[in-house]
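What follows is one structure encoded as structure tokens, with my remarks underneath.
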Number of protein chains: 2
Amino acid sequence: MPRAATTSDVFNAIAEPRRRDILSFLALEERSVGDIVSALSLGQPSVSKHLRVLKDVGLVQARRDGRQMLYRTNLDAMKPLHEFAETFQQMWRRQLKRIKVRAEGM
Amino acid sequence: MPRAATTSDVFNAIAEPRRRDILSFLALEERSVGDIVSALSLGQPSVSKHLRVLKDVGLVQARRDGRQMLYRTNLDAMKPLHEFAETFQQMWRRQLKRIKVRAEGM
DNA sequence: TTGACACATTCCTTCATCGGCATATAATCC
DNA sequence: GGATTATATGCCGATGAAGGAATGTGTCAA
């Protein structure tokens with residue numbers, strides 16, 4: 001069995017560094033494909049393909065404006081990722097607390 | 001160019017659902033490989049291989065105890081993931097705030 | 001309608017992955 | 001040492017990712 005498709009879930013989609021870069025770039029404001037190409041200095045087909053993946057998992061939303069397509073990050077779709085990270089973050093805080101308590105008891 | 005190695009970074013390592021399951025299982029307490037095998041009902045070689053990947057990126061730490069190896073999640077290694085998620089979380093909160101402010105102004 | 005601009009898709013090649021099975025290593029016990 | 005338990009590794013086959021180059025689709029302007 002090969003690796004799961006990049007479009008299978010958010011985790012596989014963000015495994016690619018370039019896709020994370022794109023998400024960050026699109027998080028603050030809507031941007032055209034050309035903007036992404038020049039900002040991240042990637043090939044245009046490459047960017048389009050990455051955007052396709054991100055769109056398939058709902059991480060970006062697209063809107064046509066004349067000849068260009070405007071993309072933006074859909075923050076809501078990050079939820080699974082955030083929830084996963086948050087679980088461990090909470091454990092980490094508890095661990096720190098335990099260490100602190102132990103230190104105080106000495 | 002094929003996909004990046006699963007051991008190239010934390011993001012690629014956690015792309016696999018089983019590996020996320022393993023991380024969750026090992027987050028609370030140290031566990032042996034056999035424990036993981038029976039808890040997640042996976043093949044033993046499969047689990048060993050997943051653990052290898054997780055270990056290579058520092059997401060788990062191993063310790064030998066007699067014949068068995070005890071693994072535990074290294075919460076600290078989750079940092080890149082958490083930082084990435086947190087960035088968008090903050091934006092999301094700001095977005096909500098903006099919506100709220102706009103609603104109040106009406 | 002023809003041409004230019006903005007993006008999307010296809011084809012191709014090159015790998016690394018994941019699971020299953022068999023086998024190797026390692027530690028313990030008798 | 002030999003057998004047993006616990007884990008790791010190697011080999012295999014099937015599948016899909018990613019980049020590059022070329023081509024397709026869509027929109028506007030004259």
Side-chain angles (χ1 to χ4, degrees), chain A residues 1-23 25-26 29-73, chain B residues 1-23 25-26 29-73:
Chain A
M1 203 177 287
R3 212 198 285 209
T6 52
T7 53
S8 58
D9 59 33
V10 175
F11 295 94
N12 279 281
I14 64 157
E16 259 293 320
R18 315 294 178 99
R19 282 199 285 267
R20 292 198 297 278
D21 293 343
I22 292 175
L23 285 174
F25 186 65
L26 297 178
E29 46 184 327
E30 218 175 29
R31 298 284 199 173
S32 72
V33 177
D35 286 346
I36 304 170
V37 169
S38 39
L40 306 185
S41 48
L42 289 173
Q44 175 267 311
S46 186
V47 169
S48 281
K49 283 181 218 166
H50 284 313
L51 286 170
R52 179 83 150 94
V53 172
L54 293 172
K55 193 179 154 200
D56 281 355
V57 296
L59 280 169
V60 298
Q61 288 174 341
R63 178 173 76 86
R64 181 171 277 285
D65 176 40
R67 331 186 171 183
Q68 41 189 20
M69 291 290 280
L70 299 179
Y71 284 86
R72 65 182 182 83
T73 300
Chain B
M1 204 176 286
R3 212 198 285 209
T6 52
T7 54
S8 57
D9 59 33
V10 174
F11 294 94
N12 279 282
I14 64 157
E16 258 293 320
R18 314 296 179 100
R19 283 200 284 267
R20 292 198 298 277
D21 293 343
I22 292 175
L23 285 174
F25 186 64
L26 297 178
E29 48 184 325
E30 217 175 30
R31 298 283 200 172
S32 73
V33 177
D35 285 347
I36 304 169
V37 169
S38 38
L40 306 185
S41 48
L42 290 173
Q44 175 267 311
S46 187
V47 169
S48 280
K49 283 177 213 167
H50 283 312
L51 286 170
R52 180 82 151 93
V53 172
L54 293 172
K55 192 179 155 199
D56 281 356
V57 295
L59 280 169
V60 298
Q61 287 173 342
R63 178 173 74 88
R64 182 170 277 286
D65 176 40
R67 331 181 174 184
Q68 40 189 18
M69 290 291 279
L70 299 180
Y71 285 86
R72 66 182 179 84
T73 300

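Side-chain atoms are counted along with the backbone in the values below, which use heavy atoms only and exclude waters and symmetry mates. Chain naming here is simple, since letters A, B, ... match the order of the sequence lines and numbering starts at 1 in each.
Comparing C/dC11, C/dT17, D/dA17 against the side chain of B/A5 picks out C/dT17 as the nearest. In this structure, of C/dG19, C/dA8, C/dA26, it is C/dA26 that holds the atom nearest to the side chain of B/R64. Considering only the side chain of B/P45, C/dA22 comes nearest among C/dG20, C/dA16, C/dA22. Listed nucleotides: D/dA18, D/dT9, C/dG19. Nearest to the side chain of B/H50: C/dG19. Here the side chain of A/P2 is nearest to one of D/dG10, D/dA21, D/dA14, namely D/dA14.
Rounded to an integer number of Å, the gap from A/D65 CG to D/dT27 P is 12 Å. Going from atom CG of B/D21 over to atom P of C/dC18 covers 14 Å, rounded to whole Å. Rounded to whole Å, atom C1' of D/dG19 lies 10 Å from atom CZ of A/R18. The separation between B/R63 atom CZ and D/dT7 atom P is 13 Å, rounded to whole Å. Note: NZ (B/K49) to P (C/dA24) measures 16 Å, nearest angstrom. Taking atom CD on A/Q44 and atom C1' on C/dT10, their separation rounds to 13 Å, with Å as the unit. In this structure, A/R20 atom CZ and D/dA18 atom P are separated by 12 Å, rounded to whole Å. Rounded to whole angstrom, the span from the CZ atom of A/R67 across to the C1' atom of D/dA30 amounts to 11 Å.
Looking only at distances, a side-chain donor or acceptor of B/N12 sits under 3.5 Å from a matching main-chain atom of A/A15. At least one donor-acceptor pair closer than 3.5 Å links the side chain of A/S38 to the backbone N or O of A/D35. For A/R19 (side chain) and A/H50 (main-chain N/O), no donor-acceptor pair under 3.5 Å exists by modelled atom type.
Contact annotation: A/Q68 reaches the phosphate of C/dC7 (side-chain N/O to OP1 or OP2, under 4.0 Å). Contact annotation: A/R3 side-chain N/O to D/dA14 OP1/OP2 distance is not under 4.0 Å. Contact check, A/S32 against C/dC7: a side-chain N or O comes under 4.0 Å of OP1 or OP2. Close to C/dA8, at under 4.0 Å from its OP1 or OP2, lies a side-chain N or O of A/Y71.
Heavy-atom nearest nucleotides on DNA chain C were determined for B/R19 and for A/V47, and the one closer to the 5' end corresponds to A/V47. Heavy-atom distances to DNA chain D give each of B/R52 and A/G66 a nearest nucleotide, and the one nearer the 5′ end belongs to B/R52.
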Run A/L23 and A/I14 through side chain to side chain contact (heavy atoms under 4.5 Å, CB included) and show every step you take. CA-CA 9 Å; A/L23 285 174; A/I14 64 157; 3.9 Å; yes

Apply side chain to side chain contact (heavy atoms under 4.5 Å, CB included) to B/I22 and B/V53, showing your working. CA-CA 11 Å; B/I22 292 175; B/V53 172; over 6 Å; no

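Among the atoms of the strands shown, none is found under 4.0 Å from any heavy atom of B/G43. Base contact: B/M1 has a heavy atom under 4.0 Å from a base atom. Residue A/S48 is in base contact, counting any heavy-atom pair closer than 4.0 Å across all strands shown.
Helix-axis bend for the helix from C/dT1-D/dA30 to C/dC30-D/dG1: the local axis fitted to the five terminal pairs at one end deviates from that at the other end by 10°, rounded to 10°.
A/T6 contributes atom OG1, which lies 6.0 Å from atom CZ of B/R3 (distance to the nearest 0.5 angstrom).
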Kindly list each side-chain donor-acceptor pair under 3.5 angstrom involving residues 54-63 of chain A, sequence neighbours excluded, with atom names and distances?
residue : atom : partner : partner atom : Å
A/D56   : OD1  : A/R52   : NH1          : 3.0
A/D56   : OD2  : A/R52   : NH1          : 3.3
A/Q61   : OE1  : A/R72   : NH2          : 2.6
A/R63   : NE   : A/E30   : OE2          : 2.9
A/R63   : NH2  : A/E30   : OE1          : 3.0
A/R63   : NH2  : A/E30   : OE2          : 3.3

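The base of D/dA18 lies outside donor-acceptor range of the side chain of A/E16, with no N or O pair under 3.5 Å.
In this structure B/R31 satisfies the salt bridge (charged side-chain N to carboxylate O under 4.0 Å, His left out) test together with B/E29, sequence neighbours excluded.
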